[in-house]
**Q** 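I'd like to ask some things about the structure below.
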Amino acid sequence: MALPPLLRLDGVALTFGGTPLLSGVELNVLPGDRIALVGRNGSGKSTLLKIAARQVEPDRGEVFLKPGTTLRYLAQEPDFGDFQTVGEYVADGLGPADDPYRVTFLIESLGLTETMSPANLSGGEARRAALAKTLAPEPDIILLDEPTNHLDLPTIEWLEGEIRQIKSALVVISHDRRFLQTVTKATVWLDRGGVKRIDEGFGAFEAWRDKVLEEEERDLQKLDRKIVREEHWLRYGVTARRTRNQRRLGELHAMRQQRRDTRRAVGQAVMQAGETRESGKLVIEAEGISKAYDGRTLVRDFSTRIARGDRIGLVGPNGAGKTTLLKMLIGELKPDSGKIRLGTNLDLAFLDQKRASLKDDVGVAEALTDGRGDQVMVNGEPRHVAGYLKDFLFQPEQIRTPVGQLSGGERARLLLAKTLATPANLLVLDEPTNDLDMETLDLLEELIAGYPGTVLLVSHDRDFLDRTVTGVISPQEDGVWLEYAGGYSDMLAQKRDAAANEKKPAKAASPARQNAKAPAASGPGAGGGSSASLGQALIQAEIRPRNPAEDHRRTRNGHRQGRGRDGRSQSFLEEAGALPAAGQADRRKARGAGQGRGRMAGAGNAQGRDRGMRTAAGCAPPRGRRLGDQWTGTTAAGPDQRRADRRHASPIATEKGPPLRTAPSLMSCLQRLRAFA
């Protein structure tokens, strides 16, 4: 037997201006529901939540809340009223039977203190205080409107865990795809004034939405063709005023009315960044920069090199210094120590998350042009404000609307339109995803991914980072920042690998593995390094964050000195601390270590030198017979085995198939070292 709904919206309708915002909306919230409310910016999502929370009265329809049900609503912009401290503000959300300890627990979990003044809170801190007030009473229904706005990644992950633990029903609006995929089990799509529901989480929504739109377009095309046929009959096929002809004529009028009343899906926004001259190959170079405020070091001895075409994301907790580091990199803030060098021909466009350039009492067109007429220059060509704003889904009647009356998503689109109209080859985006709908977010991702210039962005949207950036800069402890290749998920994987290698206990090597290791290279000043220390150094050097400039220098020097690939490998081992620095003669001697087997010994070719390097590292086992996944010695090898030895220069045991016929590369060696570690 189905449980009765805790909250029911029946036939809710609301009109702003001349166009119905909501028309006949039906929504049921059952105990334990986890619903994602999605839709385009301006479609009425926030208004629908306010109607459910009884903060807005609909024109018609019924809102039913089961007696005794508690409901809490998190608005996009929290109102602190006259509360003097955060503790008082959060405690105001408790009911008579609620546990006061929840206030202290949530405030501490969210990194706040009860004595903080609401007037001095940052955007992220204000959001956390509002979340604490909403979650403190553990209500039966929680309505969340963009809960991840201004939150850092650790807080978002904490919120996901907290929502999974509580038993409250949930209706949430968010632009964060990964957050919705984690916390929701059903999706309600608000589109053109009505709602459609799918009893699956947000992960299945986009494919289902595209299928629904395709079916609607196909049905509309069928209706158009039927109207054309009936109109042809009306002109040429009517023979007399018969009853069936009158019925058919009435059906034609009904189809025409249906076609006029059809509201087609809102079109896609059109985004194009303003073009300008090409910047130099070097965009930003930082050497040992540091910055501290009030005795706290936010950035310590950070160095990086950003080239043209790089897309770098800055992530980290609120207050870690992301904005400080960003402003130092673009030259707006001077570091306490170190130096910043900017490249040539740089034209910068900056999007500020605080939207300080938008004033509430100014019209949309005036905000876009800063009061300089009704035209805006885009790629050197003048465009009328109405036409340009139409690309960002603004209607012509909205160009005189005050900015204060726009929704959060419409403000975000307006600021994005203003930023992209500026000719630039360096885009600096501070939280660009806040309040944007999924469709606009997709277009922004495509624009950034195909942008010919350089992009620096700060974002807490994990999915957005994975889709756009080529490198991530993340804070560690005590003001140290490290750079990782790839997106956010790649950064987490590299951190996990590094932590696993640090915590992994040393294991006793099996006899087969001990036989597989050769003595380390020796030479003047060898310092007694062993093959085990060499292998560990290789692993540590491979997972450490790399400096692109240093990699380029090492590669260039290796080619210049005629060493080629193996020379670079030798330098790599020396810098990792696994081999002592030595002259050319010592390097040749080191390469030859462990090569005293087979016809490749001393041959001087690349594979022979490569095998010597791997043998010195202890990752190239001696030739022998294969026993399971191990290799034994060659004491009893017969003619067949000797022929196999000649076929396989350096056999390596693999999970599938026969041994490899060629010597493994250095990266394969590193992978094998992990297994032996």
**Q** Looking at the rings of F80 and F83, which for Trp means the six-membered one, are their centres under 6.0 Å apart?
**A** no

**Q** Output, in order, the C-alpha distance, side-chain angles, deciding distance and verdict of salt bridge (charged side-chain N to carboxylate O under 4.0 Å, His left out) for R127 and D152.
**A** CA-CA 11 Å; R127 201 66 176 164; D152 53 27; over 6 Å; no

**Q** Flag yes if more than 12 heavy atoms outside K45 fall under 6.0 Å of its NZ atom; otherwise flag no.
**A** yes

**Q** Could you check N318 against R128 for side-chain contact (heavy atoms from CB on, under 4.5 Å), going step by step and ending with a plain yes or no?
**A** CA-CA 11 Å; N318 288 336; R128 282 180 273 167; 4.0 Å; yes

**Q** Please test L110 against W158 for side-chain contact (heavy atoms from CB on, under 4.5 Å), starting from the C-alpha separation and ending with a verdict.
**A** CA-CA 8 Å; L110 290 167; W158 174 90; 3.4 Å; yes

**Q** Ignoring hydrogens and angles, state whether a donor on the side chain of H150 or E431 is under 3.5 Å from an acceptor on the partner side chain.
**A** no

**Q** Please step through salt bridge (charged side-chain N to carboxylate O under 4.0 Å, His left out) for the pair D199 and R34, ending with a clear verdict.
**A** CA-CA 10 Å; D199 290 325; R34 301 296 171 89; over 6 Å; no

**Q** For a 4.5 angstrom cut-off between non-hydrogen side-chain atoms, does L7 reach N28?
**A** no

**Q** Can a cation-pi geometry be assigned to K390 and F392, taking NZ or CZ under 6.0 Å from the six-membered ring centre and within 45° of the ring axis?
**A** no

**Q** Salt bridge (charged side-chain N to carboxylate O under 4.0 Å, His left out) for R177 and E445? Distances and angles first, verdict last.
**A** CA-CA 13 Å; R177 282 185 170 90; E445 290 171 356; 3.7 Å; yes

**Q** Between D463 and R467, is there a side-chain N and carboxylate O pair less than 4.0 Å apart?
**A** yes

**Q** Would you say L414 and L389 make side-chain contact, with heavy atoms under 4.5 Å?
**A** yes

**Q** So, D145 side chain and V172 main chain: donor-acceptor pair closer than 3.5 Å or not?
**A** no

**Q** With no hydrogens and no angle check, is any side-chain donor or acceptor of W481 less than 3.5 Å from a backbone partner on L314?
**A** no

**Q** Would you check if the side chain of S459 reaches a backbone N or O of D461 as a donor-acceptor pair within less than 3.5 Å?
**A** yes

**Q** Does T69 reach the main-chain N or O of K66 with its side chain, forming a donor-acceptor pair under 3.5 Å?
**A** yes

**Q** About how many Å separate CG of L457 and OG1 of T468, when rounded to the nearest 0.5 Å?
**A** 5.0 Å

**Q** Any side-chain heavy atom of V458 within less than 4.5 Å of one from L326?
**A** yes

**Q** Any heavy-atom pair between the side chains of L74 and L143 that's under 4.5 Å?
**A** no

**Q** Is the backbone of F105 close enough, under 3.5 Å, to the side chain of S109 for a donor and an acceptor to pair up by distance?
**A** yes

**Q** Would you call T419 and F350 a side-chain contact if the rule is heavy atoms closer than 4.5 Å?
**A** no

**Q** What's the spacing between S46 OG and Q55 CD if we round to 0.5 Å?
**A** 11.0 Å

**Q** Distance from L441 atom CG to L443 atom CG, nearest 0.5 Å?
**A** 9.0 Å

**Q** Looking only at heavy atoms, what is the nearest atom pair of P5 and F64, with distance?
**A** O-CE2, 4.4 Å

**Q** Show the nearest heavy-atom pair for residues P432 and L444, with the distance to one decimal.
**A** CB-CD2, 4.1 Å

**Q** Can you check side-chain contact (heavy atoms from CB on, under 4.5 Å) on L21 and T15, steps first, answer last?
**A** CA-CA 5 Å; L21 184 64; T15 300; over 6 Å; no

**Q** Tell me whether R300 is salt-bridged to D478, with the criterion being a basic N under 4.0 Å from an acidic carboxylate O.
**A** yes

**Q** Quick one: do R72 and E138 make a salt bridge, cutoff under 4.0 Å?
**A** no

**Q** Is K495 paired with D497 through a side-chain N to carboxylate O contact shorter than 4.0 Å?
**A** no

**Q** How close do L49 and L144 get, counting heavy atoms only, and between which atoms?
**A** CD1-O, 3.8 Å

**Q** Might you work through the side-chain contact (heavy atoms from CB on, under 4.5 Å) test for L190 and L22, ending with a clear yes or no?
**A** CA-CA 9 Å; L190 181 57; L22 304 173; 3.9 Å; yes

**Q** Heavy atoms only: give me the nearest T184-A36 pair and the separation to one decimal.
**A** CG2-CB, 3.6 Å

**Q** Whether K133 and D92 form a salt bridge (side-chain N of Lys/Arg under 4.0 Å from carboxylate O of Asp/Glu) is what I want to check.
**A** yes

**Q** Quick check for you: to the nearest 0.5 Å, what is the distance between M491 atom CE and L482 atom CG?
**A** 10.5 Å

**Q** When you compare the side chains of T104 and E114, does any donor N or O come within less than 3.5 Å of an acceptor on the partner?
**A** yes

**Q** Within the 4.5 Å heavy-atom criterion, are L131 and L151 side-chain neighbours or not?
**A** yes

**Q** Would you say that more than 12 heavy atoms from the other residues, nucleotides or ligands in this model lie under 6.0 Å from the CD of E62, or not?
**A** yes

**Q** For the CD1 atom of I35 and the CD1 atom of I198, what is their distance to the nearest 0.5 Å?
**A** 13.0 Å

**Q** Which pair of non-hydrogen atoms, one from D191 and one from K196, has the smallest distance, and what is that distance?
**A** OD2-NZ, 4.3 Å

**Q** With side chains defined as the heavy atoms from C-beta onward, is the minimum distance between L406 and R413 less than 4.5 Å?
**A** no

**Q** Can R311 be said to sit on top of Y451's aromatic six-ring, NZ or CZ under 6.0 Å from centre and within 45° of the ring axis?
**A** no

**Q** Look at R102 together with E162 and state whether they make a salt bridge at an N to O cut-off of under 4.0 Å.
**A** yes

**Q** Within this structure, what is the OH-CG distance for the pair Y488 and L465, rounded to the nearest 0.5 Å?
**A** 8.5 Å

**Q** Would you call E160-R462 a salt bridge at under 4.0 Å N-O?
**A** yes

**Q** So, are R178 and D466 salt-bridged, with charged N and O less than 4.0 Å apart?
**A** yes

**Q** Evaluate the ring planes of F202 and F205, with Trp represented by its six-membered ring, and classify them as parallel (under 30°), tilted (30 to 60°) or perpendicular (over 60°).
**A** parallel

**Q** Could you tell me whether a side-chain N or O of K322 sits under 3.5 Å from a main-chain N or O of G316, the two making a donor and an acceptor?
**A** yes

**Q** Do the charged groups of D10 and R60 touch, with an N to O distance under 4.0 Å?
**A** no

**Q** Looking at E26 and R8, is there a salt bridge between them, counting it only when a charged N and a carboxylate O are closer than 4.0 Å?
**A** no

**Q** Looking only at heavy atoms, what is the nearest atom pair of V103 and G87, with distance?
**A** CG1-O, 4.2 Å

**Q** Please check this pair: side chain of Q84 against backbone of D82, looking for a donor-acceptor N/O pair closer than 3.5 Å.
**A** yes

**Q** Are T70 and P137 packed together at the side-chain level, in the sense that at least one heavy-atom pair is separated by less than 4.5 angstrom?
**A** no

